[in-house]
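All ligand and atom numbering here is 1-based and tracks the order in the structure.
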Amino acid sequence: MDTWRIRVGWIDKVKFEMAIQVIRPFFLSGITQIANRARGLRFPHHQASKSLNPDYSMVRPRGIANALWPRVGGRSNIALVVQRGSRVSRLLAQPPCWRAAYSSDAARSRPDVATHPQTVEINGNKYTTDPWFNVSSTVLSLTSRKLHLQKDHPVAITRKIVESVFPPPTYRYYNDFDPVVSTYENFDSLGFPPDHPGRARSDTYYINKDTLLRTHTSAHEAELFRAGASGGFLISGDVYRRDEVDRSHYPVFHQMEGARVWDRNTVPNGDLAAAVLQDLDRLPKHNMTVEDPSPPSHPDRNPLQAEHHTPEEAAAVAAHLKRSLELMVNEIFSRAKAAATAAAGAKNGTTTTTTAAERTEPLRVRWVEASFPFTSPSWELEVFYQGDWLEVLGCGVSKHELHAHASGPSRMGWAFGIGLERIAMLLFRIPDIRLFWSRDVRFLSQFRGVEDDLARLRPFVPFSKYPACYRDVSFWLRGASAAGGGGGAGAGKAAADWHGNDLMEVVRDAAGDCVEDVRLVDEFVHPATGRRSMCYRINYRSLEKTLTNAEANEMHGRVTRALVERLGVEVR
Ligand code: PHE
């Protein structure tokens with residue numbers, strides 16, 4: 001069997017999605033929302049062994065909002081929180097070629113043709129685009145922010161805490177790899193099959209056919225395995241995914257990748273399992289309650305790479321992996337608990353959002369079987385937080401082919417990937433992912449001095465919550481066919497080409513961080529004409545001030561115009 005091929009789970013999911021697409025137009029909004037929730041299962045990089053879990057991806061910050069505000073739960077997954085302040089000045093700040101591409105005249109005059117700039121500059125490098133280009137100006141403007149490197153930013157503090165558990169010289173740190181990578185690095189080098197859904201333009205930001213904004217830090221694994229400069233490494237960086245957006249989703253977020261490698265040619269007596277167990281013995285212990293009900297591997301669900309690894313080797317590597325990651329989670333949550341306790345004990349009268357139970361109850365974590373194209377067996381680690389199991393990372397025993405191609409067949413080891421915002425939201429109790437991008441001193445000042453003295457870490461104290469302003473927009477799609485995939489930031493979306501992520505992108509670009517979320521509230525197909533109508537409800541709420549009705553109307557007008565110009569919809 002070709003070990004690079006993804007297993008049946010994805011195929012089932014794809015079939016399931018196709019079925020949803022077929023039945024969807026025949027139901028009114030209630031059913032549609034269930035279908036949308038199912039669509040939300042798409043996760044480009046892995047297949048967890050749980051079925052129908054809406055919080056599918058753990059390596060990005062999905063589902064935190066529900067944990068932090070249980071009453072916010074029950075959203076349709078099509079709900080999107082649009083972010084960043086959509087100041088006109090920000091759009092004007094884009095390079096002229098970009099502005100030209102999105103000028104309304106350009107779009108209006110050629111509504112069928114996706115417009116895009118000829119070239120884009122990202123972190124000082126120029127790239128030539130082609131019709132695959134689908135990066136919005138908003139996302140493009142975030143490629144230089146590098147929150148993981150900003151002193152005292154909660155994302156950077158979280159990175160530092162993770163690094164403290166994986167010390168040099170065994171682990172080397174790589175924090176400044178460019179987010180622009182080749183499709184080879186992001187997918188092929190990791191064994192993603194050519195038809196893997198993660199490659200779709202509806203899910204991934206492409207600069208051109210062969211170049212994209214990395215969707216995960218795993219894109220650099222092969223390169224570092226090839227360099228073989230250390231026994232292990234950590235990579236941190238910004239990663240990009242087109243997706244529905246809500247309070248815990250942003251198209252840009254940060255990941256940390258970790259890997260550890262052993263070489264049969266260099267361990268004593270060539271006994272890799274013994275060497276790994278010896279290293280395991282040297283790791284500290286912890287006293288967390290860990291549930292690990294599944295076997296070390298399973299022939300169908302989570303196979304050993306039997307042609308390349310003995311069961312003893314795989315078991316030793318898995319044990320080292322699991323202890324290392326448990327220590328990391330223990331470190332993070334012990335710090336969160338200490339911060340909550342310190343805040344609760346503070347005499348200055350600030351309210352604390354933590355409960356006594358959270359401060360005193362022992363941390364519970366569990367291992368769940370998973371599947372990634374580049375590890376086997378694979379797992380997710382989940383943490384019990386505020387009454388729910390939350391996925392915090394994905395990991396596994398690296399695929400033999402990855403090592404064999406990159407460095408040599410005698411090597412073996414583990415890798416993991418963790419979403420930093422998700423962890424930071426838990427660690428600092430940050431309720432809205434938009435806040436990470438805020439330059440508001442009321443946000444940033446709360447973390448000053450923490451990076452150099454982690455004992456100063458305290459839960460974030462939210463500033464006022466400003467009122468929501470809801471506005472609906474209803475429109476007809478062009479053409480008469482049912483929903484389909486497809487990306488593209490350009491103008492002219494026919495029904496067959498419609499993808500909710502395109503709408504999310506347009507709203508995000510037009511209204512920025514003043515949009516808290518966007519939900520599909522109604523959808524139907526006209527029985528006579530076959531035309532498809534959709535109604536989205538947009539919640540305009542600034543993180544920084546109360547929006548006036550006039551401001552909300554102005555923003556909504558901008559969004560509506562952008563939908564017409566860029567997606568070619570007909571407003572009803
Ligand atoms: N890159 C994977 C993701 O983003 C996570 C991962 C990393 C899984 C390393 C296994 C090993 O989903």
query: Are the side chains of Phe233 and Tyr174 in touch, meaning some heavy atoms are under 4.5 Å apart?
result: yes

Which segment of Glu380 sits under 4.0 Å of ligand 1 when only heavy atoms are counted: neither

query: Under 6.0 Å between the ring centres of Phe253 and Phe436?
result: no

query: Polar-atom distance check: Glu221 versus ligand 1, any N or O pair below 3.5 Å?
result: no

query: Are any of the N/O atoms in Arg241 less than 3.5 Å from those in ligand 1?
result: yes

query: Within the structure, does Thr215 bring an N/O atom to less than 3.5 angstrom of an N/O atom in ligand 1?
result: no

query: Is there a heavy atom of Trp414 sitting under 4.0 angstrom from any atom of ligand 1?
result: no

message: Under 4.0 Å between a side-chain nitrogen and a carboxylate oxygen: does that hold for Lys146 and Asp176?
response: yes

task: Report yes if Gln255 has an N/O atom closer than 3.5 Å to an N/O atom of ligand 1; otherwise report no.
output: yes

query: Between Tyr206 and Trp132, what is the ring plane arrangement, given parallel below 30°, perpendicular above 60°, and tilted in between?
result: perpendicular

- prompt: Against heavy atoms of Gly417, which atoms of ligand 1 measure under 4.0 Å?
  reply: 6 (C), 7 (C), 9 (C)

- request: Using a 4.0 Å heavy-atom cut-off, say whether Phe416 meets ligand 1 through its side chain, its backbone, both or neither.
  value: backbone

field: Per-atom contacts of ligand 1 with Gly394, taking only distances under 4.0 Å to non-hydrogen atoms
entry: 6 (C), 8 (C), 10 (C)

query: Among all residues two or more places apart in sequence or in another chain, which pass the salt bridge (Lys or Arg N to Asp or Glu O under 4.0 Å) test with Glu326?
result: none

query: With a 4.5 Å limit on heavy-atom distance, are the side chains of Phe225 and Leu402 in contact?
result: yes

